[in-house]
A.B. asks: 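First the structure, which I've put down as structure tokens, then a few questions once you've had a look.
Numbers restart at 1 for each chain; the letters A, B, ... are given by sequence-line order, proteins then strands. Hydrogens, waters and symmetry mates are skipped; everything else that's a heavy atom, side chains included, is used. Note that the coordinates shown come from a computational prediction; the quantities given were computed from them, not determined experimentally.
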Number of protein chains: 2
Amino acid sequence: MEAKLPSFDSVFSIDCVIFGFEAGELKILLIERNEEPFKDWLALPGYIVEQDESIDDAAERILYELTGLRDLHMQQFHTFGEVNRHPQGRVITVAYYALIRINGQKELRPITQYARKAFWHPVNELPKLAFDHSEIFKTAFNKIRRRLNYQPIAFELLPEKFTLTQLQSLYEAVENKKLDKRNFRKKMLSYGFLKELDEKQKGVSYRAAKLYKFDRRKYAKIFHNDMNMDK
Amino acid sequence: MEAKLPSFDSVFSIDCVIFGFEAGELKILLIERNEEPFKDWLALPGYIVEQDESIDDAAERILYELTGLRDLHMQQFHTFGEVNRHPQGRVITVAYYALIRINGQKELRPITQYARKAFWHPVNELPKLAFDHSEIFKTAFNKIRRRLNYQPIAFELLPEKFTLTQLQSLYEAVENKKLDKRNFRKKMLSYGFLKELDEKQKGVSYRAAKLYKFDRRKYAKIFHNDMNMDK
DNA sequence: TTTAATGGTGTAATTTTCACACACTATCTT
DNA sequence: AAGATAGTGTGTGAAAATTACACCATTAAA
């Protein structure tokens, strides 16, 4: 290979905005940094891309190293390239998001020393984050807020078996407004991609709700072209 | 500034997908390359980002140098980071799109030697392009096709004063299907952001159509989200 | 058995979408 | 000046989707 390309001290990085839903609240995954710059600050999980890995691969690796999480389906959403966004030099960062089930028991455990810990934090009361991560988060949140209405992303945040009320409260959390219960149910069920199970909720001290499951096959059949849920 | 960042031979580039609309056809701007690799191939206008410019600034500069076009409102839409997308080394490219009025007379004239010429080409019969530019184009086209239905991007492609038939034929070109004239007009006018002018079309050999203008103020008032095309 | 908490259900009014056909007008041709 | 040509401009009814709205049912705990 000829070395015709210029050689700059330029660096690519990846930052991840990982959304989860727990106790009726939307949360994101943060780390506590253990290195300069911004040592001790809270930040999005993020690090530098190696030369011989694609950015998609890098995103997976970096998230794993900082949080112990693996095999999520991450999605690139924006690239941030202001000259001074990193105090130590030119770093362009490609930002990814993913939506996952928190599940209470999934252990978060940084593999590298670069992060001291990783934990879930509600999106409503986020502190100031390192670098331009607050802006990155805002962009991500706007993206998923829109996407919720035409892509089946809600089901990635809920347990595999969920009640209609849980589904509704997720929509309410993301859109930040109350929805009408009857209309919400009617509409969701009318799509035809929710499979009613024979099971009921357990361990609640009130009437147990039916459990449902998202049926990916039916969904794909119904919206076979692009994943268009609206209109 | 401490030099803590690793020093890789990694390069950022920008590629631009510039859409225009002329004679009922959707077109994009291509260049003929004058340098290896892919010398003599057709490609999207694109080049390498300098160290001291933001990626948005770089996009403007690069488009200007390769095509002579300036001051378009470009929008980042995806970053391509496969390891081997560039035969000479690691190059991650941030892709932008813009929609502009072709206007027949806008001169296209590369400033650098890097492109031999720049010209409009219909999107329907695109040849194979250099690098992964065919894929980049496809991604861009899908983006604007969706966006057309919830953002006022059509008006950037039309002359300032246009007829409803022109507007309709643009929608038909992008969505690739015929629309009903009466319903289309009724719907467009019902939004309330088209301003009917006192002028008529000129120089046509049939009944002249009324001209309309897109009223940005009214649009902003009605859909009080900001007018920018991302999110 | 009562209470507290949430689950589950239907109908009517309104709005939006869609399908559909013909007369009008400006220009060009002969 | 008469006719041909080509695109402009308009309304209605049917069907579908959206909204507003209130009460009884079930479970567990007190």
A.B. asks: Atom CG of B:Asn183 to atom P of C:dC18: distance rounded to whole Å?
C.D. replies: 8 Å
A.B. asks: Answer yes when B:Glu196 and B:Lys210 have at least one side-chain N-carboxylate O distance shorter than 4.0 Å, and no when they do not.
C.D. replies: yes
A.B. asks: Between B:Lys210 and B:Ser205, just flag the one whose closest nucleotide in DNA chain D comes earlier from the 5' side.
C.D. replies: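 On the 5' side of the pair lies B:Ser205.
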A.B. asks: Between D:dT27, C:dC20, C:dG8, which nucleotide has the shortest distance from any of its atoms to the side chain of B:Asp180?
C.D. replies: C:dC20
A.B. asks: A:Leu211 has an atom CG; how far is it from atom C1' of C:dG8, in whole Å?
C.D. replies: 15 Å
A.B. asks: Any side-chain N or O of A:Thr165 under 4.0 Å from OP1/OP2 of C:dG7?
C.D. replies: yes
A.B. asks: Mind calculating the distance between OH (B:Tyr191) and C1' (C:dT17) to the nearest angstrom?
C.D. replies: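 From B:Tyr191 OH to C:dT17 C1': 11 Å.
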A.B. asks: Tell me if the side-chain of B:Arg207 makes a donor-acceptor pair with the base of D:dT8, cut-off 3.5 Å, by modelled atom types.
C.D. replies: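 It does, because a donor-acceptor pair links the side chain of B:Arg207 to the base of D:dT8 below 3.5 Å.
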A.B. asks: What is the distance, rounded to the nearest whole Å, between atom CD of A:Gln168 and atom P of C:dG8?
C.D. replies: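 Whole-Å distance recorded here is 12 Å.
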A.B. asks: Roughly, in whole Å, what's the span from CZ in B:Phe184 to P in D:dG9?
C.D. replies: 13 Å
A.B. asks: Of B:Lys187 and A:Tyr212, whose nearest nucleotide on DNA chain C comes first from the 5' end?
C.D. replies: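 So the residue in question is A:Tyr212.
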A.B. asks: Take the protein atom NZ of B:Lys202 and the nucleotide atom C1' of C:dT25, then report the distance between them rounded to whole Å.
C.D. replies: 17 Å
A.B. asks: Is the Lys NZ or Arg CZ of B:Arg70 less than 6.0 Å from the centre of B:Tyr64's six-membered ring, within 45° of the axis?
C.D. replies: yes
A.B. asks: State whether a side-chain donor-acceptor pair under 3.5 Å links A:Tyr171 with A:Asn149.
C.D. replies: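 No, A:Asn149 and A:Tyr171 have no side-chain donor paired with an acceptor closer than 3.5 Å.
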A.B. asks: Assess, by modelled atom type and distance only, whether the side chains of B:Tyr96 and B:Asp56 contain a donor and an acceptor separated by less than 3.5 Å.
C.D. replies: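 The criterion, which ignores hydrogens and geometry beyond distance, is satisfied for B:Asp56 and B:Tyr96.
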A.B. asks: Could you give the CZ-to-P distance, from B:Arg185 to C:dA21, as a whole number of Å?
C.D. replies: 17 Å
A.B. asks: Is it the case that A:Arg185 and A:Thr165 place a side-chain donor and acceptor less than 3.5 Å from each other?
C.D. replies: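 Checked: A:Arg185/A:Thr165 side chains pair up, N/O donor to acceptor below 3.5 Å.
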A.B. asks: Test for a donor-acceptor pair under 3.5 Å between the base of D:dG9 and the side chain of B:Lys181, counting only N and O atoms.
C.D. replies: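 Indeed, a donor on one side and an acceptor on the other fall under 3.5 Å apart.
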A.B. asks: Tell whether B:Lys186 reaches the base of D:dT12 with its side chain through a donor-acceptor pair below 3.5 angstrom.
C.D. replies: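 Answer yes: a donor N or O sits under 3.5 Å from an acceptor.
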A.B. asks: What is the distance from CZ of B:Arg182 to P of C:dT17, rounded to the nearest Å?
C.D. replies: 17 Å
